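This structure is a prediction, so every number in the text was calculated from the model and none was measured. Residue numbers start at 1 and run along the sequence shown.
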Amino acid sequence: MSSKEMEESIISYLSQSETDDNPKNLNVVAILHNFWEQKQRAQSDDSSAGSEMESLLLYESASSPGPPYVCYVTLPGGSCFGNYKVCDTQAEARRDAARVALMNSLVNELPCRRISPDFIFQSLQQAAKENPVLMKDAHDPNTSIGTYNLLLHSFMGRTMLEFQEMMTVFQLLQWNGTLKALRERQYSRQSVIAYYCQRGLDEYMHSSMALDWLGREQRSPGLLGLELQVAQKELVLARRRGIELRFYKEKNDILSLALSQAYIQHPPEMFEQESNHTCEQEQLPLHPLHSCDADAQISQCYSPSPVFNKKISDTGTSFSSPSPSSLQALMAFSSE
């Protein structure tokens, strides 16, 4: 069976299950659990690995006084997916989030979803087209596109979700202003990339970013609440597009952590406008949820590759692939 036929078979099987009158006929939560349990065992060759799977598959339900309910599932490695459908119960939201995650997990295992020489070549071409860089500089490690080339080659043979997990770290570093600070301190691209590729996104980085935003709130009262509102809108739209959500969810978590600390330091009336904001967003149509700036940011971060992207209209799931546009964080870090 070819990669395309296998992908269509997976999509067809999972899509048909959603039209069944009895959603319990296909226990997607258990299937997702078993998939990652077997995958981890194969990677670690350790029969005890499965006992740790519950802690590695993290389900989170967004606080809500009533329907529609929202659930997120974070996979080993950090990729995050949420329910695409409008769900009347928390159990339904959990199943739908697991379904979206399962479809992406299965398709991510296909040979066509691995970083290959052809994908790298097309990615470099697209990077040269979308950014003020030259394709001929791809072999010069001192240029931004050369750094991108080295980064892509370091992920040769690995999956696109793995690459996106790493790119999320640099997107957050750019959004938080960390890359700009490192550039001003004249750290080299290679040293920064090597450091964060090895380190990943840990709790210390998460807390440090929250402290950065708390400091900005203290200097400019009200900034944090406005930033959180934009981030919440982005997360709603991204979830409704059925794409990988970690970048958007991490922004929300970081800003929420910072806001909780700011709330402790200031009277509650300063934050009345932020209360129940996420719940209100779920009742709104899509088009007023974003300012032009927010829409532009999403299109930059997740502009799909024309070859490696597939949209499943009947399930609402996009298998978004790493694109040179999602490397604008590194391009920005390298451009000055």
Looking only at heavy atoms, which two atoms of L134 and A128 are closest? And how far apart? C-CB, 4.5 Å
If you group Ile, Leu, Val, Met, Phe, Trp and Tyr by side-chain heavy-atom gaps below 4.5 Å, do L237 and V86 land in one group? no
Are I193 and Y195 connected, step by step, through hydrophobic side chains (Ile, Leu, Val, Met, Phe, Trp, Tyr) whose heavy atoms are closer than 4.5 Å? yes
Out of L259, L228, N176, which one pairs with W213 under the side chain to side chain contact (heavy atoms under 4.5 Å, CB included) rule? N176
D253/K249 ion pair, N-O < 4.0 Å: yes
Salt-bridge criterion met for E109 and K39 (N-O under 4.0 Å): yes
Has the side chain of E92 got a donor or acceptor atom that lies under 3.5 Å from a matching backbone atom of D88? yes
Answer yes or no: is there a side-chain heavy-atom contact under 4.5 Å between L75 and C80? no
Check against side-chain contact (heavy atoms from CB on, under 4.5 Å), F247 and M167: CA-CA 9 Å; F247 174 59; M167 281 311 309; over 6 Å; no
F163 and S154: CA distance, side-chain angles, deciding distance, side-chain contact (heavy atoms from CB on, under 4.5 Å) verdict: CA-CA 10 Å; F163 185 73; S154 70; over 6 Å; no
If you define the side chain from C-beta out and look only at heavy atoms, does anything of E162 sit under 4.5 Å from I115? no
Between L182 and L150, is there a shared hydrophobic cluster once you connect ILVMFWY residues whose side-chain heavy atoms come closer than 4.5 Å? no
For T74 and L57, what are the C-alpha separation, side-chain angles and deciding distance, and is it a side-chain contact (heavy atoms from CB on, under 4.5 Å)? CA-CA 6 Å; T74 301; L57 281 175; over 6 Å; no
Under 4.5 Å between any side-chain heavy atoms of C71 and S61, yes or no? yes
Measuring from I145:CD1 to L151:CG, what's the distance to the nearest 0.5 Å? 12.5 Å
Heavy-atom closest pair (G82 atom, L245 atom, distance to 0.1 Å) is N-CD1, 3.3 Å
Hey, any chance Y69 and Y59 share a hydrophobic cluster, counting ILVMFWY side chains that come within less than 4.5 Å of each other, even indirectly? no
Side chain to side chain, T159 and R113, heavy atoms closer than 4.5 Å: no
Would you say L224 ends up clustered with L257 if hydrophobic residues are merged whenever their side chains have heavy atoms under 4.5 Å apart, either directly or through other cluster members? no
Considering residues, nucleotides and ligands other than H139, do more than 12 of their heavy atoms fall under 6.0 Å from its NE2? no
Can you check whether Y204's main-chain N or O pairs, donor with acceptor, with S207's side chain at less than 3.5 Å? no
Can you tell me if E244 uses its side chain to pair, donor with acceptor, with the backbone of R246 under 3.5 Å? yes
Work out which heavy atom in Y84 is nearest to a heavy atom in G242; give both atom names and the distance. CD1-N, 4.0 Å
Just by distance, no angles: are the side chains of S79 and E165 close enough, under 3.5 Å, to form a donor-acceptor pair? yes
Check: Y72 main-chain N/O paired with E60 side-chain donor or acceptor under 3.5 Å: no
Can a salt bridge be assigned to the pair K251 and E234 using a cut-off of 4.0 Å between side-chain N and carboxylate O? yes
Could you grab the distance from atom CG of D118 to atom SG of C112, nearest 0.5 Å is fine? 12.0 Å
Could you tell me whether the side chains of Q164 and Q171 share a donor-acceptor contact shorter than 3.5 Å? yes
Non-hydrogen side-chain atoms of N83 and V100 separated by less than 4.5 Å: no
Does R158 make a cation-pi contact with F155, if we ask for NZ or CZ under 6.0 Å from the ring centre and within 45° of the axis? yes
Any non-hydrogen side-chain atom of N34 less than 4.5 Å from a side-chain atom of E37? yes
Can you give me the closest heavy-atom contact between A258 and A210, atom names plus distance? CB-O, 3.3 Å
Go through the side-chain N and O atoms of Y187 and R183 and say whether any donor and acceptor fall under 3.5 Å apart. no
Which value, rounded to the nearest 0.5 Å, describes the distance between L223 atom CG and Q218 atom CD? 12.0 Å
Taking side chain as C-beta onward, heavy atoms only, is M160 less than 4.5 Å from F119? yes
Taking only residues two or more places apart in sequence or in another chain, which ones pass side-chain contact (heavy atoms from CB on, under 4.5 Å) with H153? I120, N149, M156
Side chain proximity check, F81 to M103, heavy atoms < 4.5 angstrom: no
Which value, rounded to the nearest 0.5 Å, describes the distance between I243 atom CD1 and R239 atom CZ? 12.0 Å
Nearest heavy atoms of M209 and I254, plus distance in Å: SD-CD1, 3.6 Å
Donor-acceptor contact below 3.5 Å, side chain D202 vs main chain M205: yes
Spacing of CZ belonging to R114 relative to CG belonging to N108, to within rounding of 0.5 Å: 7.5 Å
